[in-house]
Amino acid sequence: MCLPFLALITHQSVNATEIEDLDNITGIYQDRDDFIWLSGQQGLYRYDGFNVLRFANNSDDWHVPFTWVRSISPYQGKLLVSTQVNGLYSLDPKTGNYERLALPSHIKSPYLATYCRNQIYFTDKSTLYSFDLNTQTTTKLIENINVREIIATKGALYVISDRSIQLNTSNGFSTIYSGDIKSSATLGDSLVIKDEKKLITIKGKQVISQQTLAKNITAITTSHDKTAILATGDDGSVYQFNSQTLEPIAANYPKFSNSKILKLFHDNSKTLWALTNQGVKYVAEIIVKNTPIAYDIQHNTNELLAVNDDLLIGTFGKGLATLKPTPWLNPELNISLPNRAKYTTTMVQHGNSIIFGTLDGLWHYKLGDSSASRLKNTDSIKIVLTLHIKDSLLYIGTNYAGVKKYDLNQQKIVKTIDKANGLHNLEVIDIVTMANGDLWLATSDSVQLYKSQTDTVQQIGEFTSNKVVSLAHIDNKIFAFTIGSGIYVYDLQGILLARLRPATSFHYNLVVGNEVWVAATPGLYRLDPANYKLSVVLGTEDKNFSSAPVLMGEKIFAWHTKGLIEVDHKQKNFYNAKIKISKTAVSGQQSLNSSVINVGSNKDVITLDLASLDYRANTNKQFKYRLNDNVWTKVSGNQITLAGLSSGDYTLEVMGTNSLGQWSNYVAYTNIHMAYPWYWTPQIRIIYLLLLLALMVLSLWLIYTRARSISSVYKVLDEDLKNRGLLSDHLERNINVAIRLLNQGEQTKASKLLSEAASIIADNKTNVAPSSLNHQSLSGGIEYLVDFWQEKYSVKVRTQIDFDIDNLEQQLQQSIYRIIYSAIDSAIAHSKSNNFMVSIKRFNQKLWLRIEDDNDYFDGFDSKIDFNMAMYTIRKIAARHQAKINTYRTSDNTSQLGISFNLDEHVDEFIENDIANNI
């Protein structure tokens with residue numbers, strides 16, 4: 001099977017950033033497959049998180065017979081599309097097929113339309129209608145009404161105008177509420193409205209609950225799970241209310257930029273959409289708290305340490321600080337530090353003290369003191385990159401002096417690991433201590449392993465051009481995080497197990513429970529060491545982190561270039577995004593969500609657009625695919641191109657990640673049927689099978705015929721042997737009797753028996769044909785044959801010999817004589833031939849024997865099936881001499897038998913003996 005070719009082809013549709021620029025959008029809806037649909041003046045749009053597909057009569061993406069769409073709503077698994085000038089349509093979101101509903105010809109502009117209980121309710125500028133799907137009839141319901149919304153709940157139909165709400169009852173429409181309705185939404189079998197000052201829930205004719213609002217709300221919607229009501233204010237702020245009590249609850253959404261919000265929508269991925277006078281906007285739920293903090297330093301990359309329920313911040317240029325004022329950090333501390341000691345590189349806590357590394361060596365600070373001092377006996381250490389404490393030992397990674405082991409009790413350096421131990425790179429950026437005393441070391445170009453038993457350093461893996469900045473020991477593995485080369489995963493023996501995200505820049509990490517939190521540029525990631533799932537924390541994907549996160553209580557804190565983020569480390573934010581093949585194209589012929597793709601030729605190119613329907617973050621999602629359960633292949637981008645597939649059926653599976661980089665459990669499927677060429681279709685193959693069966697039957701018949709021919713040859717030979725046996729028995733009996741009579745003196749009787757035996761022998765000699773040369777010359781033998789056939793059969797044989805054939809090797813003469821005799825004798829017995837010509841010539845070291853008759857007997861002499869004893873004998877002689885046999889039919893209906901011999905070939909045994917042995 002030909003392997004498919006995979007390529008990324010640039011998509012020319014509107015992308016995720018441009019969707020926000022769409023203007024004059026009138027409606028929004030999420031279908032059952034989780035695609036987002038938008039209606040507007042330029043048509044209908046389908047958004048999959050990356051591409052926008054436009055449906056319009058002037059669109060190159062997908063042609064439909066309308067452009068300006070006023071509203072969209074659900075309709076029996078389809079979309080109900082009301083247009084400005086083209087009437088009302090239903091559109092299948094899975095296929096793109098559409099159907100125009102049979103409205104009266106005078107109704108061209110159904111502004112709004114809603115489906116409810118087999119009726120479609122719609123309105124033009126001032127009249128409300130219903131369209132019965134069973135009878136295909138239209139009924140006028142209310143005139144002179146300015147309808148703003150038609151809302152169908154599970155149990156009722158509401159028509160909202162400028163200052164009233166009307167409920168459809170068995171007696172027609174009745175007004176159930178009067179007032180200025182600003183916005184409305186459905187909540188199961190209830191209706192939620194916002195009037196001038198209150199939020200109100202209505203069920204049927206009854207007001208279920210209401211809440212006076214302190215803020216001016218401009219738009220509302222219900223959450224996708226119906227547990228909350230989301231609202232926006234004048235300034236774009238987002239508010240949230242309990243859907244049952246209408247009590248305010250905390251809203252975890254950022255503020256929309258300044259614009260007038262016309263409509264809200266909450267999708268299944270908890271993304272909040274806003275249709276505004278400045279286009280489409282959407283925001284994701286915030287799960288992190290961001291505190292902007294900026295120190296007056298060149299690089300706002302600072303270290304964090306959790307100390308006494310507060311955060312100690314080691315700045316890179318301003319010394320030590322805390323997140324909030326605290327009594328244990330004296331404000332005078334930084335005044336006492338030299339300038340280079342204010343550049344903090346790492347910090348650890350030991351009892352009631354802080355040990356911090358700087359560009360000016362190691363410093364020790366006792367909480368509450370007004371100053372810090374150098375750590376004793378560490379004056380030789382100038383630049384510290386990392387610190388780790390295990391028991392009473394402090395492991396120090398330096399910029400140029402390798403690793404120093406410092407005993408905190410003895411207050412001195414007790415061990416140095418450097419080039420003398422085999423450490424080839426003395427810039428040690430991170431250290432992981434093991435229970436057996438071994439050390440895993442991250443250097444600027446590799447991972448090293450210090451073996452305590454042998455006091456030597458072992459190189460792990462290959463050298464890398466990018467720095468290894470941190471290590472993590474978890475799940476009996478070592479994870480090495482690099483800048484620009486991703487993550488290397490090793491077992492504890494140093495064998496590489498995996499490599500993750502090879503193009504991502506990671507920095508320092510923190511092991512929390514059974515996962516690793518790692519800083520990156522950009523994003524803060526969570527890594528599951530068991531399955532290598534790596535997911536970005538939502539809300540951090542646009543921030544650059546370079547220092548290690550810290551855990552304080554239930555919160556993870558991480559420093560980025562513009563401040564500090566805070567997130568609950570127990571919060572699992574996994575969204576199982578639906579993975580879809582959003583569009584397919586076969587040599588330019590497009591289709592939506594195809595479950596079966598029919599391809600006419602392996603020259604056709606198949607293009608598949610992929611979608612992960614998670615709209616929370618605008619990140620590059622990952623995809624992979626496989627054909628017929630083969631290995632998974634990673635996709636570059638969001639498009640697969642297949643070409644050169646062999647004929648047959650294929651099952652294509654696609655997996656993808658959500659917005660946070662987590663692999664979804666959904667798998668998209670499609671079947672590809674690659675058509676067979678005309679000469680290999682299933683019908684043609686049946687014909688081939690029948691032909692094969694016919695050929696097999698013919699072969700069996702030919703084998704049977706050959707077997708019969710061989711059987712007849714053996715029968716002739718058997719009869720000949722029997723005749724020869726009877727003759728010899730008769731002669732033997734006569735001779736034996738004659739001898740006995742001579743011994744008895746009966747000479748007369750013995751003489752008579754001997755005379756009878758002699759007569760039998762003479763008669764047999766007379767009847768036996770001259771089939772062998774009997775050591776005569778070849779020329780003499782041929783002359784004898786000519787006379788023999790002339791005398792016995794009245795057959796004329798002419799000869800043409802142009803050289804002395806008697807000088808040929810005796811065995812070759814015998815073979816030629818036997819061929820001439822067998823061929824002509826067989827022709828006399830089995831045909832009407834009366835005239836023969838025998839020609840022997842010598843040319844180019846070959847001897848050419850040609851026998852010609854005046855009939856067509858020799859024409860079929862080379863048949864492999866129908867042959868006699870003469871044919872068999874001639875073939876065996878020719879094979880013995882490696883001679884070639886050819887037969888011809890001439891233009892005057894005569895036939896020729898031609899045999900060519902190589903004159904330099906020698907035969908080891910007599911031909912007759914060979915024939916006798918084979919027979």
Side-chain angles (χ1 to χ4, degrees), residues 26-33 35 37 39 44 55 64-66 69-84 86-143 145-161 164-177 184-193 202-206 222 224 226 265:
T26 58
I28 183 171
Y29 174 71
Q30 187 172 31
D31 66 21
R32 295 176 181 179
D33 287 331
F35 289 100
W37 292 81
S39 59
L44 195 61
F55 294 70
V64 290
F66 53 79
V69 179
R70 298 300 300 254
S71 71
I72 51 174
S73 59
Y75 162 58
Q76 297 180 338
K78 301 179 181 180
L79 297 181
L80 188 59
V81 182
S82 56
T83 70
Q84 175 69 15
N86 297 98
L88 199 60
Y89 286 84
S90 69
L91 185 139
D92 189 339
K94 291 183 177 295
T95 63
N97 297 331
Y98 55 86
E99 179 185 1
R100 184 172 183 175
L101 300 183
L103 300 184
S105 59
H106 68 278
I107 302 176
K108 300 291 187 182
S109 303
Y111 283 10
L112 300 171
T114 298
Y115 170 77
C116 181
R117 292 193 292 271
N118 214 41
Q119 299 277 336
I120 293 177
Y121 296 87
F122 64 94
T123 178
D124 59 10
K125 292 183 178 180
S126 60
T127 305
L128 178 69
Y129 299 90
S130 68
F131 177 75
D132 191 302
L133 292 171
N134 290 330
T135 63
Q136 297 286 298
T137 57
T138 302
T139 303
K140 186 182 297 185
L141 300 176
I142 305 175
E143 294 184 285
I145 181 172
N146 185 19
V147 179
R148 290 174 52 183
E149 286 189 87
I150 306 173
I151 296 179
T153 67
K154 288 183 178 180
L157 179 76
Y158 300 91
V159 176
I160 302 175
S161 60
S164 69
I165 300 176
Q166 297 192 50
L167 173 67
N168 187 17
T169 68
S170 57
N171 297 320
F173 285 87
S174 62
T175 301
I176 60 171
Y177 183 85
S184 60
T186 61
L187 183 65
D189 58 357
S190 302
L191 175 69
V192 182
I193 63 170
I202 300 172
K203 184 176 181 180
K205 297 181 179 181
Q206 303 296 320
T222 52
H224 76 98
K226 307 302 181 185
F265 178 77

Would you compute the distance between atom [atom1] of [X] and atom [atom2] of [Y] and round it to the nearest 0.5 angstrom?
| X | Y | atom1 | atom2 | value |
| --- | --- | --- | --- | --- |
| I160 | I165 | CD1 | CD1 | 5.0 Å |
| I176 | L191 | CD1 | CG | 7.0 Å |
| T138 | K140 | OG1 | NZ | 11.0 Å |
| I120 | C116 | CD1 | SG | 11.0 Å |
| L167 | S164 | CG | OG | 12.0 Å |
| L112 | D124 | CG | CG | 10.5 Å |

- Message: Please determine whether side-chain contact (heavy atoms from CB on, under 4.5 Å) holds for the pair Q76 and N118, giving the CA-CA distance in whole Å, both sets of side-chain angles, and the decisive distance to 0.1 Å.
- Response: CA-CA 9 Å; Q76 297 180 338; N118 214 41; 4.1 Å; yes

- Message: Could you check, using the six-membered ring where one of them is a Trp, whether F55 and W37 have ring centers closer than 6.0 angstrom?
- Response: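 So the answer is yes for these two rings.
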
Smallest separation among heavy atoms of [X] and [Y], with atom names:
| X | Y | result |
| --- | --- | --- |
| K203 | S190 | CB-OG, 3.8 Å |
| I145 | Q166 | CD1-NE2, 3.6 Å |
| P93 | L79 | CD-N, 4.3 Å |
| S73 | A113 | OG-O, 3.0 Å |
| T153 | D189 | OG1-O, 3.8 Å |

Going by the rule side chain to side chain donor-acceptor pair (under 3.5 Å), which residues pair with [X] if we only count those two or more places apart in sequence or in a different chain?
| X | answer |
| --- | --- |
| S90 | none |
| T127 | none |
| K226 | T222 |

Heavy-atom check, side chain of [X] versus side chain of [Y], under 4.5 Å:
| X | Y | value |
| --- | --- | --- |
| L157 | I150 | yes |
| V64 | V81 | no |
| T139 | D132 | no |
| S184 | I151 | yes |
| T169 | K205 | yes |

- Assess whether atom CD of Q206 is packed by more than 12 heavy atoms of other residues, nucleotides or ligands within 6.0 Å. no

Can any side-chain N or O of [X] pair as donor or acceptor with the backbone N or O of [Y] at less than 3.5 Å?
| X | Y | answer |
| --- | --- | --- |
| T26 | R70 | yes |
| S39 | G27 | yes |
| N134 | Q136 | no |
| S109 | Q84 | yes |

- Message: With no hydrogens and no angle check, just 3.5 Å: does a side-chain donor-acceptor pair link S82 and S71?
- Response: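 Short answer, yes.
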
- Determine the sole option in Y121, Y98, Y115 for which the ring pair (Phe, Tyr, Trp, His ring centres under 6.0 Å) test with Y75 is passed. Y115

- Task: With sequence neighbours excluded, give me every ring-ring contact (aromatic ring centres under 6.0 Å, His included) pair touching residues 123-142.
- Result: F122-Y129

- Kindly write out the residues that satisfy ring-ring contact (aromatic ring centres under 6.0 Å, His included) with F66, not counting sequence neighbours, or none if the list is empty.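 Once residues adjacent in sequence are excluded, the partners of F66 under the ring-ring contact (aromatic ring centres under 6.0 Å, His included) criterion are Y89.
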
- Task: List in chain and number order the residues that pass ring-ring contact (aromatic ring centres under 6.0 Å, His included) with F35, two or more places apart in sequence or in another chain; answer none if no residue qualifies.
- Result: none

- Item | Derivation and outcome, side-chain contact (heavy atoms from CB on, under 4.5 Å), residues L88 and L80 | CA-CA 7 Å; L88 199 60; L80 188 59; 4.1 Å; yes

